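The chains referred to below are lettered A, B, ... by the order of the sequence lines, with proteins before strands, and numbering in each begins at 1. Just so you know, these numbers come straight off a predicted model, no measurement behind them.
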There are 2 protein chains.
Amino acid sequence: MATRSGLPAACQTALSERLEAELFQALCDPIRLSLVAHLAASGRALTVTEASQCCGIHFSGVSRHLALLKRAGVVRAEKYGREMHYRIEIGALASTLRGLADALEDCWDAGRRASA
Amino acid sequence: MATRSGLPAACQTALSERLEAELFQALCDPIRLSLVAHLAASGRALTVTEASQCCGIHFSGVSRHLALLKRAGVVRAEKYGREMHYRIEIGALASTLRGLADALEDCWDAGRRASA
DNA sequence: AGTATACATGCGCAACTATGCAAATATATA
DNA sequence: TATATATTTGCATAGTTGCGCATGTATACT
């Protein structure tokens with residue numbers, strides 16, 4: 001659903017709104033990327049203990065990483081008894097990435113036309 | 001160009017290859033995101049001095065940020081006389097983001113089928 | 001040659017981040 | 001109630017990052 005507004009100013013605004021540092025901040029750590037890959041490949045929600053098995057650090061660190069991913073909207077958490085179930089927000093994440101790709105290209109095209 | 005291999009292991013491999021920390025590392029800083037937005041909106045290559053105008057920091061910092069973006073493959077640099085021209089790699093960046101979105105969804109779908 | 005411009009880089013400092021351990025909290029089970 | 005399990009959180013430490021300033025390097029101009 002690209003906007004294709006054609007106006008450079010509008011494109012830059014649209015792009016800046018999508019370029020959220022928090023998302024990239026969340027994904028810039030190798031351990032967190034392992035967690036994301038593991039959560040995606042599992043096809044289901046994982047507990048902290050299960051998630052910890054993909055990366056060689058203490059589970060307390062994994063707990064913190066998952067909390068950070070949750071704050072960034074990459075995962076969703078639900079509590080079942082004493083377990084915490086973390087599930088990747090696959091649809092939101094994928095459409096955010098695609099929307100960003102579209103916004104970048106729209107912006108570039110608009111800028112090219114304007115500077116021509 | 002989604003693979004849709006259907007095999008969870010293959011999907012996880014494909015996903016891990018695309019989940020490069022370096023890219024997100026490059027995009028996790030607000031100043032660097034401003035630079036990316038500015039470069040995208042300009043529709044052309046910018047010098048360090050031009051790029052510096054979008055963010056209120058010393059140009060030496062901008063030079064470092066642009067070098068980092070270059071190492072991550074987000075921008076391309078060419079020297080013209082004493083000027084350095086930085087141009088965003090818009091096509092590569094957009095297709096990397098879309099490929100990542102596809103890989104995440106493929107992986108999730110494969111995992112869902114496997115765990116069903 | 002001497003000066004000016006554009007950019008990169010070494011340095012030190014302040015702020016931030018990730019980590020493991022230990023302790024706290026919450027829930028289940030005996 | 002006592003004990004075990006799952007997770008979060010406080011703390012200290014080690015490592016990383018971003019910043020401006022000063023300096024260095026390359027190119028252009030006079």
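- For residues 38-53 of chain A, the salt bridge (charged side-chain N to carboxylate O under 4.0 Å, His left out) pairs, not counting sequence neighbours, are A:Arg44-A:Glu50.
- Side-chain heavy atoms closer than 4.5 Å link hydrophobic residues (I, L, V, M, F, W, Y) into clusters, and following such links, possibly through other members, connects B:Leu93 to B:Ile31.
- Under the rule for a side-chain contact (heavy atoms from CB on, under 4.5 Å), the partners of B:Arg76 that lie at least two apart in sequence or sit in another chain are B:Glu78, B:Arg87, B:Glu89.
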Identify every side-chain donor-acceptor pair in residues 6-17 of chain B under 3.5 Å, counting partners at least two apart or on other chains, and give the distances.
residue	atom	partner	partner atom	Å
B:Thr13	OG1	B:Ala9	O	3.0
B:Ser16	OG	B:Gln12	O	3.0

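- Mapping heavy-atom proximity under 4.0 Å, the span of DNA chain C touched by chain B runs 5' to 3' from C:dA4 to C:dC11.
- Between the side chain of B:Arg18 and the backbone N or O of B:Leu97, no donor-acceptor pair lies under 3.5 Å.
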With B for base contact, S for sugar-phosphate-only contact and - for none (protein heavy atoms under 4.0 Å), nucleotides 23-30 of chain D reads ---SBS--
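- With sequence neighbours excluded, no residue forms a side-chain contact (heavy atoms from CB on, under 4.5 Å) with A:Glu20.
- Near DNA chain C, meaning a heavy atom under 4.0 Å away, the residues from residues 38-47 of chain B are B:Thr47.
- At whole-Å resolution of the value, NE2 in A:His58 and P in D:dC11 are 18 Å apart.
- Among residue pairs with one or both ends in residues 26-59 of chain A, none qualify as ring-ring contact (aromatic ring centres under 6.0 Å, His included); sequence neighbours excluded.
- Base engagement by B:Ser60 is indicated by at least one non-hydrogen atom pair under 4.0 Å involving a base atom.
- Counting heavy atoms from C-beta outward, A:Gln25 and B:Asp29 have side chains that stay 4.5 Å or more apart.
- Judged as a side-chain contact (heavy atoms from CB on, under 4.5 Å), and not counting sequence neighbours, B:Gln53 has no contacts.
- Listed by residue number, the members of residues 62-75 of chain B with any heavy atom below 4.0 angstrom from DNA chain D are B:Arg64, B:His65.
- Near-neighbour residues of DNA chain C inside residues 27-34 of chain B, defined by a heavy atom below 4.0 Å, are absent.
- Atom CD of A:Glu50 is separated from atom C1' of D:dT5 by 14 Å (rounded to the nearest Å).
- Evaluation of the side-chain contact (heavy atoms from CB on, under 4.5 Å) rule for B:Ile90 yields A:Leu104, A:Glu105, A:Trp108, B:Ala40, B:Ile88 as partners, not counting sequence neighbours.
- Contact check for A:Leu27 versus B:Leu27: no side-chain heavy atoms found under the 4.5 Å cut-off.
- Each of A:Leu23 and A:Leu68 belongs to its own hydrophobic cluster when Ile, Leu, Val, Met, Phe, Trp and Tyr are linked at side-chain heavy-atom distances under 4.5 angstrom.
- The aromatic rings of B:Phe24 and A:Phe24 lie parallel to each other, with less than 30° between the two planes, well short of the 60° mark.
- Each of A:Cys54, A:Ser52, A:Ser34 was scored for a side-chain contact (heavy atoms from CB on, under 4.5 Å) with A:Val62, with one residue passing: A:Ser52.
- Formation of a donor-acceptor pair under 3.5 Å by the B:Arg71 side chain with backbone atoms of B:Ala26 is not found in this model.
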